[in-house]
Structure formats: structure tokens, C-alpha cells
Amino acid sequence: MNVMIGRLNGLWHLIVGSCQIRTPFLASQDRQLVIQYARRVYPGARIFERD
């Protein structure tokens, strides 16, 4: 499974397939927090950053 991380409308989002999931992190917060969150929610997924 591939998970993309991107910023949209001031928040970090996880994009899984065709679904876009809003995270509780603001775009100004560190990307590492979002990566840890994504690994906890989707264990074993490959995580990519999209700008």
C-alpha cells in the first residue's frame, strides 16, 4: 500500500488510493509528526511526500 502525504488548505492530508484523509496536524507543524501518524494508522505502508 502506498500513502502520500501532502499539504492542502493549511492541514496535512494522507492520500490513500483515491481517498484523501485529513490529519489533525497543521501544515506549519513538522512533517515527521505526520509520518509517525501515518505509520501508526497504516503499518507496513510505503510513505511518500507530495508537494
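Position 1 is the first residue of the sequence, and the numbers go up from there.
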Can you give me every donor-acceptor pair (side chain of residues 38-47, partner residue at least two apart or in another chain, under 3.5 Å) with its distance?
residue	atom	partner	partner atom	Å
Arg46	NE	Asn2	OD1	3.1
Arg46	NH2	Asn2	OD1	3.1

Review item, side-chain donor-acceptor pairs of residues 13-29, under 3.5 Å, at least two apart:
residue	atom	partner	partner atom	Å
His13	ND1	Leu11	O	3.3
Thr23	OG1	Trp12	O	2.7
Gln29	OE1	Leu26	N	2.8

List in chain and number order the residues that pass ring pair (Phe, Tyr, Trp, His ring centres under 6.0 Å) with Phe48, two or more places apart in sequence or in another chain; answer none if no residue qualifies. none

